[in-house]
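Everything on this sheet refers to the single structure shown next.
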Amino acid sequence: MKANVKKIAEKTYQLSTDYKSDMKVPGNIYLDDILFKNLEEDVFEQIANVACLPGIQKYSLAMPDCHYGYGFCIGGVAAFDEKTGVISPGGVGFDINCGVRLLKTNLTKKDVDSNLKGLLQEIFKNVPSGLGSKGKIKITKNEIDNVLEEGVDWASSEGYAWKNDYRHIEEHGKMKNADASLVSDNAKKRGLPQLGSLGSGNHFLEVQYVDEIFDENAAKAYGVEKDQVVLMIHTGSRGLGHQICADYLRYMESASKKYNIKLPDRQLACAPISSEEGMRYFNAMSAGANYAWVNRQLVTNWIRESFEQVFKMSAEDLEMDIIYDVAHNIAKKEQHIIDGKMKNVIVHRKGATRAFGPGHDEIPSEYVKIGQPVIIPGDMGTASYLMHGTEKAMNETFGSTAHGAGRALSRVQALKLYKGNEVQEKLQKKGILVLADSKGVIAEECPEAYKDIETVANVCNDSGISLKVAKMRPMGVVKG
DNA sequence: ATGTAC
């Protein structure tokens with residue numbers, strides 16, 4: 001056992017405050033014994049560093065899929081008091097509001113099997129993907145400000161969303177505090193041509209089928225049943241979010257000095273939430289988040305059109321509603337019970353999913369008894385999970401859980417060990433069709449490059465920070 | 001993740 005780290009509960013480890021000087025709170029990490037044994041020491045250090053920041057509440061947290069990241073680890077969750085705490089771009093990440101959306105259909109695996117290739121090709125044709133990919137809608141420089149400030153409301157007014165889509169999106173697809181004037185011209189210039197594109201790396205679109213139901217009641221509420229075909233969309237804010245993050249990291253470096261914040265790591269550059277600098281970052285980040293929601297909305301629109309083309313039916317008749325859309329790189333103003341009192345905090349979730357429990361007023365009425373849907377994608381050869389938020393998450397993790405399988409191999413390692421063609425053939429033998437913008441990305445993203453999604457889902461489930469509803473298996477994959 | 005650097 002590592003020094004100053006102990007197991008405190010089922011699948012829960014704790015870094016005590018004497019792990020490192022200046023820690024204000026302990027660090028809690030959700031892991032099984034094997035994940036714990038294999039976790040890099042650097043990640044413990046990053047969790048401890050975050051625990052040193054001003055105004056942090058209760059614990060510096062890491063989810064089961066945690067690994068090393070810029071400043072905060074990926075899988076890191078931290079809440080800061082709105083009066084005494086800080087906000088940090090490193091606690092959100094470069095891809096602001098990277099997230100996952102799940103769409104339903106009323107088709108079964110059998111209905112889609114014979115059309116799969118044509119369907120996947122149609123989706124691949126209709127949704128721009130790849131590094132530097134450009135969207136196919138033309139918007140003006142003035143219009144981008146509306147995208148940034150109105151989010152999915154903009155997409156609705158332009159005819160890219162159904163009337164009720166917004167109800168099944170976190171924040172209804174719109175951070176109201178977003179301020180486009182705080183986003184640099186350079187960020188807008190990068191974002192303008194890319195709106196409505198998948199991007200590359202771990203971003204993907206998947207045609208999946210529901211393989212197993214764990215909770216019939218929750219599955220029914222979410223509109224999910226065995227053998228049903230669903231669509232998973234994983235993308236974020238593209239070059240625009242990346243540029244906002246880069247711009248504000250530089251800005252925050254001087255702010256940290258101005259406010260005399262002692263940083264254990266320069267990558268944790270931050271500013272008081274109550275300061276001009278902190279507020280500006282929050283409002284710019286929110287604009288980036290809105291762009292990402294519009295991006296997933298446009299992709300949704302083209303997936304619906306692709307299904308219409310292939311199945312010669314309207315997307316309405318195919319019941320292609322949004323099950324839910326989660327952000328997994330974001331900071332939010334939320335209220336949580338701390339020391340028995342309701343408190344206003346800023347929750348940073350960096351590679352972590354909100355997992356609000358039953359009864360929370362931000363959950364749509366048809367899901368409120370179950371808890372918020374949580375979407376956890378795995379690797380392209382294995383499975384993904386639909387889970388639900390819990391009261392335990394509210395009490396222990398500020399209503400947060402894992403966001404994915406987490407990488408086991410770096411991109412460079414995966415490229416050395418695997419060939420895109422071979423990975424594609426091997427998946428095809430398993431009945432999984434893969435279309436990609438480049439062969440390299442298939443090798444980088446091969447199943448072996450990821451940790452076991454079953455382990456991650458089980459740690460979430462067994463620790464109780466989210467509970468399994470359904471397991472989905474991939475049928476067709478589009479990679480950037 | 002990302003016009004894989006300013």
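Below, chains carry the letters A, B, ... as their sequence lines are ordered, and counting in each starts from 1.
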Please tabulate, one pair per line, each protein N/O and nucleotide N/O from nucleotides 3-6 of chain B that are separated by under 3.5 Å, including the distance.
{"from": "B:dG3", "atom 1": "OP1", "to": "A:Arg190", "atom 2": "NH2", "distance (Å)": "2.0"}
{"from": "B:dG3", "atom 1": "OP2", "to": "A:Gln194", "atom 2": "NE2", "distance (Å)": "2.5"}
{"from": "B:dG3", "atom 1": "N1", "to": "A:Arg190", "atom 2": "NH1", "distance (Å)": "3.2"}
{"from": "B:dG3", "atom 1": "N2", "to": "A:Arg190", "atom 2": "NH1", "distance (Å)": "2.9"}
{"from": "B:dG3", "atom 1": "N2", "to": "A:Arg190", "atom 2": "NH2", "distance (Å)": "3.4"}

> Any chance the side chains of A:Thr140 and A:Asn142 put a donor and an acceptor closer than 3.5 Å?
Replying inline: no
>> Angle between ring planes, A:His328 versus A:His234, binned at 30° and 60°: parallel, tilted or perpendicular?
In response: perpendicular
>> Set out, in order, the CA-CA distance, both residues' side-chain angles and the distance that settles side chain to side chain donor-acceptor pair (under 3.5 Å) for A:Thr300 and A:Arg101, then state yes or no.
In response: CA-CA 9 Å; A:Thr300 298; A:Arg101 177 176 291 203; 3.0 Å; yes
> Partners of A:His388 by ring-ring contact (aromatic ring centres under 6.0 Å, His included), sequence neighbours excluded?
Replying inline: none
>> Once rounded to the nearest 0.5 Å, what's the spacing between atom NZ of A:Lys451 and atom OG1 of A:Thr382?
In response: 14.5 Å
>> Under 4.0 Å, heavy atoms only, any strand: does A:Gly201 hit a base, just the sugar-phosphate, or nothing?
In response: sugar-phosphate
> How close or far is atom P of B:dT2 from atom CG of A:Asp95, stated in whole angstroms?
Replying inline: 6 Å
